[in-house]
There are 2 protein chains.
Amino acid sequence: MNIAEIAHAVGVSSATVSRALSGRGSVSPKTRERVLAAARERGYVVSQAASTLASGRNRNVGIVLPFLDRWFFSQVLAGAQQSLMRAGYDVTLYNLEGDGSERREVFETFIPRQRVDAVIAVSLELDDTELQQLKALDKPLVGVGGPIVGAPTLALDDVGAARLVTGHLIALGHTSIAHIGGDEASDVDFHLPTKRRQGFEDALEEIGVHAPLVVDADFTVPGGYRAAKQILGTPDRPTAIFAASDEMAFGAMLAARDLGLEVPRDVSIAGIDDHDMSDFYGLTTIAQFPRSQGALAVDLVLADLEGSAVPTDTDLPFELVVRSSTTRPDTAAR
Amino acid sequence: MNIAEIAHAVGVSSATVSRALSGRGSVSPKTRERVLAAARERGYVVSQAASTLASGRNRNVGIVLPFLDRWFFSQVLAGAQQSLMRAGYDVTLYNLEGDGSERREVFETFIPRQRVDAVIAVSLELDDTELQQLKALDKPLVGVGGPIVGAPTLALDDVGAARLVTGHLIALGHTSIAHIGGDEASDVDFHLPTKRRQGFEDALEEIGVHAPLVVDADFTVPGGYRAAKQILGTPDRPTAIFAASDEMAFGAMLAARDLGLEVPRDVSIAGIDDHDMSDFYGLTTIAQFPRSQGALAVDLVLADLEGSAVPTDTDLPFELVVRSSTTRPDTAAR
DNA sequence: ATGAAAGCGCTAACAA
DNA sequence: TTGTTAGCGCTTTCAT
């Protein structure tokens, strides 16, 4: 089944059918209706390959990410894919987890074979070669969560976010606050542990606290658990913990319990993310709306495809969500 | 840049370049090497659209799933996409979450526009129309986790898996075992809560226990938490709980703790899945390897594309993983 | 082993 | 508004 068949059935030329189906170029309402009806009747759908070859448009956006099974990434992906679908775009998934050879393949072969109109890169630290390869496509490129040199990027103000939660703890009266940060491995990938730590330290500097206790972990629940055990096991344990991610904060909450400490009475705990489970755990955190981030990235990409100007760097919104894991320090008890 | 340019540079015809690059048809090793070198030098990659139009092959598989942000689905997706990438295939993602209109669009427009060579449907209960639409493509179709009428399907023997964990609890000496199952909503989507409950009841029947306590939840941690509170709040609480998923089992473990009960001393808890967090929680469970399921689905799809025979229904492997959440009932204490 | 040439199914410039 | 027609870049048959 092809466009000629529909054209023949309706008694018009294939060009008219093409125009009616794509909405480009003018067709009389009556003809358009007849074409659409004929197509619907026969279950005819335009062949993407032929359309692409002739027009250069793919109606397809590639999304590149380092993991699929972590909360943040699946959220961004879900948000982006939903927006793209509504705009009639397919999404092709490039998952970089696995060894480096696969990563190279993606940049050398998969992306360049002209299947996509644009690329969204999520939390990707690209090396020079990779950057060149993407730039060489000469197609819209948007980064989410990680800075991409020379491309519009959506990113959280990690310093500001960390400063905000830390400020919340300080406002409650805490001065002895520990931080569970990201280890080197996670810093390479996401580049944000350092910034969150910075915001944490900035907020404390303001009240004259220097070099507070910082323990690094790997952004997982077990990692947060281990770090919190270290922190809470010390003789003069802090009255609050700020973890650089909600998952580590969950681990910290579990560790506190296992040590016989009650949250928030004995220790206040806060995180960053507003993970799906945070409400359940009553975790005070910074919400960063990753689904909206995905959707926003799509807006930029589509605007770019239409030739509109696209802002270089956009700071993403975030907000403090106070739940039951933080309270005033129980000074009497100490 | 196109194939003619490479052909000209090497001094052969475009047909030879095509053969050298695709590996179809014979080319002398020497010519092939020169073609590959010329392509590499210039960063030339075959245009997928043109290739597809001429050959009918897309090198692309569509994966349809109901959620992206749940553990099971992201695991299956990650497994499938990795295998496909290794075989040189792209993956196009069709996520059905959201309202029905989007779901209809996927089946009416997105999938039929001939971008994919095959479709993998994960845990989807398709209605007749949708089934017709997929069948009409006349392309390989494989179902994972949910039965698709008339297509090869990979599924866990849910009855057997549930019977196995329950048997483990029985072997430890438990006779008073409660079950956290799936509510109606999850039964429609996954069709597995009923089977898991069946396996649970079968195992108990064998030792003469009829109509045991069953509470339904929604396959989430909070759902499991609430259900377990109900179960453990009764005067003669059971000595063990079998939850139909690990996430619900996590909720049950948290509920037990909040009630002042110790796991496994006061109550044994087991689940099904072997979720990433299960090891951390020490949860006894049934491992079902969703990544391998995704990879296996790809094997079937690729075999089908090559014209090999494909088994209709395949039972997936599963195994009991005993950790620290289950032990013998403490009969002395009661 | 290689080349010539006919499509694959659509879009878009141009003409009417 | 509609039709004619020349590609888009590759694959594949058929020769050689």
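Letters go in sequence order (proteins before strands), and every chain restarts at 1.
Contact annotation for B/Val17: no contact, since no heavy-atom pair falls under 4.0 Å across all strands.
Side-chain atoms of B/Asp69 and A/Arg291, non-hydrogen and from C-beta on, do get closer than 4.5 Å to each other. For the pair A/Glu130/A/Val106, no side-chain contact is recorded, criterion being any heavy-atom separation below 4.5 Å from C-beta on.
When rounded to the nearest whole Å, the span between CZ of B/Arg113 and C1' of C/dT11 equals 16 Å. In this structure, the CG atom of A/Leu53 is 12 Å from the P atom of C/dA12, given to the nearest Å. To the nearest angstrom, C1' of C/dC10 lies 7 Å from OH of A/Tyr44. To the nearest angstrom, P of C/dC10 lies 11 Å from CD of A/Gln48. In this structure, the CG atom of A/Asn2 is 10 Å from the C1' atom of C/dC8, given to the nearest Å. When the P atom of C/dT11 is taken as reference, atom CD1 of A/Ile6 falls 13 Å away, rounded to whole Å.
The local environment of CG in B/Asp128 is sparse, with at most 12 non-hydrogen atoms from other residues, nucleotides or ligands closer than 6.0 Å. Residue-environment remark: CG (A/Asp127) exceeds the threshold of 12 foreign heavy atoms within 6.0 Å.
Looking at which nucleotide of DNA chain C each of B/Ser13 and A/Arg57 is closest to, the 5′-most match is held by B/Ser13. Residue order along DNA chain C, read from the 5' end via each residue's closest nucleotide, puts B/Thr31 first among A/Ala50 and B/Thr31.
A salt bridge does not link A/Arg42 with A/Glu5: every distance from a Lys NZ or Arg NE/NH1/NH2 to an Asp or Glu carboxylate oxygen is 4.0 Å or more. Between A/Glu97 and A/Arg103 there is no salt bridge, since no side-chain nitrogen of the basic residue lies less than 4.0 Å from a carboxylate oxygen of the acidic one. The pair A/Asp90-B/Arg115 counts as a salt bridge, with a side-chain nitrogen and a carboxylate oxygen less than 4.0 angstrom apart.
In the region residues 18-27 of chain B, proximity to DNA chain C at under 4.0 angstrom, judged on heavy atoms, holds for B/Arg19, B/Ser26, B/Val27.
Bracketed by its first and final contacts, the part of DNA chain D lying under 4.0 Å from non-hydrogen atoms of chain B reaches from D/dG9 to D/dT13 in 5' to 3' order.
Relative to the six-membered ring of B/Phe107, B/Arg104 misses at least one condition, a distance below 6.0 Å or an angle of at most 45° to the axis.
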Would you please test A/Asn60 and A/Thr92 for side chain to side chain donor-acceptor pair (under 3.5 Å) and show each step? CA-CA 7 Å; A/Asn60 191 18; A/Thr92 294; 2.9 Å; yes
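For the OP1/OP2 pair of C/dC10 and a distance below 4.0 Å, the side-chain nitrogens and oxygens of A/Ser47 include no atom meeting the criterion.
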